[in-house]
Amino acid sequence: MPSPAPYYITTPIYYVNDRPHIGHCYTTTVADAAARAMRLIRGESRSTFLLTGTDEHADKVVTSAAAHNSTPQAWADKHADAFRAAFTSLNCGFDDFIRTTEPRHKDKVPGYISALLKTGDIYKGVYTGWYDAGQEEYLTETAAREANFKSPINGKPLVQRTEDCYFFKLGAYQERLLAHINANPHFIQPDARRQEVLGRLRQTLNDIPVSRPVTDDPATQWGVRMPGDPANRVYVWIDALFNYYTTVDTPERKHFWPAAVHLIGKDILWFHAVIWPALLMALNFPLPKMIFGHGWWVSEGQKMSKSLGNFIDLERMHAYADAFSLDGLRWYLLTQGPLSGQDADFSHAKFIEVYNADLANGIGNCASRVSNMIVKYFDGVVPTPGNAAALPDYDFKAICAKASVEYVAALDRFDIACAFNQASEIIRKVDGYINVTAPFKLAKTVEANPTAKQELAAILYTCAEAVRVASVLMAPAMPQKMAALWSTWNCTPGADTKLADLAAFGGPCALKPGSTVAKGDALFMRADPAAPIPGTIPAPSAPTV
RNA sequence: GCCGAGGUAGCUCAGCUGGUUUAGAGCGCUGGAUUCAUAACCCGGAGGUCGGCGGUUCGAGUCCGCCCCUCGGCACCA
């Protein structure tokens, strides 16, 4: 049997000086859910590879470390661990965590640069720009003009300065890139992002500097040296981009390239949609299939900023997870997140609405009423399917099949929310079916009517089996809660079972008549909209005496 | 300033190349039904000038022009 097509998905490598917040966590959670879904579809966990990690060669790592009496490496170690711990705490199961300071990365980068030097795609030239001597940094032409050619920090005049620098022939790849984007509509997604890039590609691309000088300043000695020229180092962004390739540039992992998806935030679109593909073209490496640039979360309708104090940090996310379960939080992020062109709002009221509608009143309540009836009317033993009355609107074999097809199609175009909503559709149908068939009424007639018991069995089996299928589709979003449901229903799937088998109503993984079902605890407790917002200090209560 | 996206029910949005509906969905709200379930679920309703004005057409959220408003991108920035 041919092994399933490999699926390689990446998150950005995060700037190691940051503290993990909703932005980093969101990107990684989406990648995790997508990877879980792809493993499910392929039925082979090794077929999918999720990479995340940290970007550690920025100059600021050196200065921050010094300011905290630490070494750059120790400083990076500490922060990289914070990211790793954050993602683990959100149940994001990455297959590898790459750090750009690791030998397996930094030792490979010079090889790619050398190849580009050999072909002439990277060449030595001179860089001229406005230099702020006090800050020891260049300002862009625009920034310099806006500052009236004076240092924005100390007001001293900027100076035109020239120094040796290596350039990448970005301009040489403009037409090929344009042709590729036009020929592959899904290369840059969502469409708004694609339009942005196409718009900017209408102007002529300049070659770009890909090195920085090494001086006496320790901050400039951090990073990867240009091959054969220790007076220059590889610009941190170029170094960083190569992580996606270095990590799988090994004999065992080579088959994962090209990546299926580079999932990124919209801020780094240009690097991923233009510079990175051009570098790959120059190296004659295959291009990733999709660059997906998601938007931002805003908080209660306001842009998040440190000055407003409305940043949703890891602590706040943990508070939500504690209050509504980690999977409740994941569900909100995954189904309401800024994946389409627009930014999304993390509002408490909306969180409660979605949580109650989809989870507490949705799958939670539905699973509860179904299992309760099986316990009540069949002593918790899964009844025999039999033939339920054929209702045209409630052909669950067809409903589940359609949901699965849509699920896979949505995931292929990276419409995560649409995929998971397929499961909610099934639940909606089950709730409707229960109302139409009213098994609870039927149960009262079984004494007098011998066929009623069979009919009741058929109805409840249908409901339970449909809920099971929905739970399979939801599992990549909510692995823990769905596992809990499977545990009480005795239908935990074997490892590496294909979606096609798992999600087939009455298929090879169907609920087995005769196995037992417990009522179990409520999967998702209903949330009170009036309760205090998690992670905030409650307002002082009025004196009680 | 330049380039681009968009303004449709309280909210979030579907409505592809104009005439299948009297403009739809989900959530919220409200009336009813029901009791297996987490006061959950099911059914019905609310009648939104489809941003404004003008035009093309037998016929326009759906095409054209003008105006108002919102938002995104503008290159080395992680």
Side-chain angles (χ1 to χ4, degrees), chain A residues 12-18 54-61 100 127 129 138-143 167-168 170 190-210 212 235-241 264-271 274-275 293 295-296 301 335-336 340-345 347 349-350 352-354 356-377 417 421 424-425 427-428 430-444 456 459-460 463 519 521-527 529:
Chain A
I13 47 173
Y14 302 106
Y15 182 43
V16 78
N17 263 8
D18 282 346
T54 43
D55 174 14
E56 310 189 346
H57 280 143
D59 296 8
K60 270 198 189 137
V61 172
T100 53
Y127 179 82
Y138 284 94
L139 274 72
T140 64
E141 187 65 33
T142 319
F167 289 85
F168 170 60
L170 182 62
D191 208 55
R193 301 273 106 79
R194 179 170 186 266
Q195 296 303 336
E196 272 171 39
V197 172
L198 282 173
R200 286 176 63 184
L201 242 27
R202 279 199 282 270
Q203 292 157 38
T204 305
L205 287 182
N206 295 322
D207 292 352
I208 54 165
V210 292
R212 292 290 186 272
Y235 177 44
V236 62
W237 251 112
I238 302 301
D239 165 15
L241 283 169
I264 57 168
K266 62 184 179 181
D267 54 335
I268 51 178
L269 182 65
W270 188 250
F271 279 92
V274 174
I275 296 172
W296 301 142
T335 60
Q336 306 297 318
S340 68
Q342 263 141 15
D343 291 350
D345 192 11
S347 104
K350 193 172 177 195
I352 298 298
E353 273 181 26
V354 170
N356 277 339
D358 293 350
L359 304 182
N361 301 347
I363 182 146
N365 181 242
C366 189
S368 168
R369 64 198 302 211
V370 170
S371 53
N372 189 60
M373 283 191 278
I374 292 177
V375 168
K376 224 167 180 169
Y377 310 142
N421 281 327
S424 294
E425 291 296 326
I427 296 299
R428 228 186 287 283
V430 174
D431 277 329
Y433 182 68
I434 293 173
N435 269 71
V436 170
T437 57
F440 41 89
K441 278 185 184 166
L442 201 56
K444 290 171 183 160
L456 181 61
I459 290 167
L460 289 183
C463 292
K519 177 144 168 50
D521 295 331
L523 230 36
F524 299 97
M525 287 302 289
R526 194 178 154 74

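Chain letters run A, B, ... following the sequence lines, proteins first, then strands; residues in each count from 1. As a basis for the values below, the full set of heavy atoms in this structure was taken, side chains included, without hydrogen atoms, waters or symmetry mates. Given the structure is predicted, the values throughout are model-derived calculations rather than measurements.
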Taking any heavy-atom pair under 4.0 Å as a contact, classify T204(A): base, sugar-phosphate, or nothing.
base
Taking only the C1' atom of each, what is the distance from rC68(B) to rG31(B) in whole angstrom?
40 Å
Quick check on rC41(B): is either OP1 or OP2 less than 4.0 Å from any side-chain nitrogen or oxygen of N361(A)?
yes
Per R212(A) side chain, nearest of listed nucleotides rC36(B), rA75(B), rC76(B)
rC76(B)
Remember a base hit wins even if backbone is also touched, and classify F524(A) as base, sugar-phosphate or nothing at under 4.0 Å, heavy atoms.
base
Partner nucleotide, any strand, of rU35(B) [Watson-Crick/G-U, under 3.5 Å]:
none
note: D59(A), atom CG; rC77(B), atom P; distance rounded to Å ~ 11 Å
Among rU38(B), rU35(B), rC77(B), find the nucleotide with the atom closest to the side chain of K441(A).
rU35(B)
Rounded to whole angstrom, note down the P distance from rG4(B) over to rC66(B).
14 Å
Closest of rU38(B), rC76(B), rC36(B) to the N365(A) side chain is rU38(B)
rC42(B) C1' sits how many Å from R428(A) CZ, rounded?
13 Å
Syn or anti for rG18(B), given that syn means the glycosidic angle lies within 90° of 0?
anti
Re rU56(B): Watson-Crick or G-U wobble partner, both distances kept under 3.5 Å, found to be none
Provide the distance between the two C1' atoms, one in rC36(B) and one in rC27(B), to the nearest whole Å.
25 Å
Tell me: CG of N421(A) to P of rU12(B), nearest whole Å?
17 Å
At their closest point, which heavy atom of G295(A) faces which heavy atom of D343(A), and how far apart are they?
CA-OD1, 3.6 Å
Pairing check on rG72(B): which nucleotide meets the Watson-Crick or G-U wobble criteria with it, both distances under 3.5 Å?
rC3(B)
Nearest to the side chain of R193(A), heavy atoms from C-beta on, is which of rC41(B), rG72(B), rU38(B)?
rG72(B)
Starting from C1' on rU34(B), measure out to CG on D431(A) and report it in whole angstrom.
13 Å
Quick note, E353(A) side chain, CB onward, closest among rA75(B), rC41(B), rC27(B) is rC27(B)
Could you tell me how far rG26(B) sits from rC69(B) if I compare only their P atoms? Round to whole Å.
35 Å
How would you label the contact of L523(A) with the nucleic acid (heavy atoms, under 4.0 Å): base, sugar-phosphate, or nothing?
base
Test side-chain contact (heavy atoms from CB on, under 4.5 Å) applied to D358(A) and F524(A), step by step:
CA-CA 10 Å; D358(A) 293 350; F524(A) 299 97; over 6 Å; no
Has K350(A) got a side-chain N or O lying under 4.0 Å from the OP1 or OP2 atom of rG28(B)?
no
For atom CH2 of W296(A) and atom C1' of rC71(B), their distance in whole Å:
15 Å
Backbone N/O of A417(A) and side chain of N421(A): donor-acceptor pair under 3.5 Å:
yes
Within less than 4.0 Å of OP1 or OP2 of rC36(B), is there a side-chain N or O belonging to K519(A)?
no
Starting at atom CZ of F440(A), determine the distance to atom P of rC42(B), rounded to an integer number of angstrom.
12 Å
Categorize D343(A) for me: base, sugar-phosphate, or nothing, with a 4.0 angstrom heavy-atom threshold over every strand shown.
nothing
Could you measure the distance from the OG1 atom of T100(A) to the CG atom of L241(A)? Nearest 0.5 Å is fine.
11.5 Å
Between R369(A) and D431(A), does the side-chain contact (heavy atoms from CB on, under 4.5 Å) criterion hold? Intermediate values first, please.
CA-CA 9 Å; R369(A) 64 198 302 211; D431(A) 277 329; 2.7 Å; yes
Expressed as a whole number of Å, how far does the C1' atom of rC63(B) sit from that of rC50(B)?
16 Å
First encountered from the 5' end of RNA chain B, between D207(A) and G199(A)
G199(A)
Looking at rG45(B), which nucleotide sits across from it as a Watson-Crick or G-U wobble partner, both distances under 3.5 angstrom, or is there none?
rC29(B)
Check this for me: K350(A), atom NZ, are more than 12 non-hydrogen atoms of other residues, nucleotides or ligands nearer than 6.0 Å?
yes
Nucleotide nearest R526(A) (side chain, heavy atoms from C-beta), chosen from rA40(B), rU34(B), rA75(B)
rA40(B)
Candidate nucleotides rG28(B), rU35(B), rU38(B), ranked by approach to the side chain of K444(A) - the nearest:
rU35(B)
So what does L269(A) touch, heavy atoms closer than 4.0 Å: a base, only the sugar-phosphate, or nothing?
nothing
Does a nitrogen or oxygen in the side chain of N372(A) sit under 4.0 Å from OP1 or OP2 of rA37(B)?
yes
dist Y377(A):OH -> L442(A):CG (nearest 0.5 Å) comes out at 9.5 Å
In whole angstrom, give me the gap between the C1' atoms of rA25(B) and rG18(B).
23 Å
Taking the P atom of each, how far is rC13(B) from rA75(B), in whole Å?
28 Å
Let me know the distance between CG of D358(A) and P of rA25(B), rounded to the nearest Å.
18 Å
Let me spell it out: for each of Q203(A) and Y377(A), pick the nucleotide of RNA chain B with the closest heavy atom. Which residue's pick is nearer the 5' end?
Y377(A)
Are the side chain of N356(A) and the backbone N or O of A527(A) linked by a donor-acceptor pair below 3.5 Å?
yes
Need one value for A58(A): base, sugar-phosphate or nothing, where a base atom within 4.0 Å counts as base even if backbone is also close, heavy atoms only.
nothing
Say you pick atom P in rG61(B) and the same atom in rA23(B); how far apart are they, in whole Å?
10 Å
From CD of E196(A) over to C1' of rA5(B), roughly how many Å is that when rounded to an integer?
9 Å
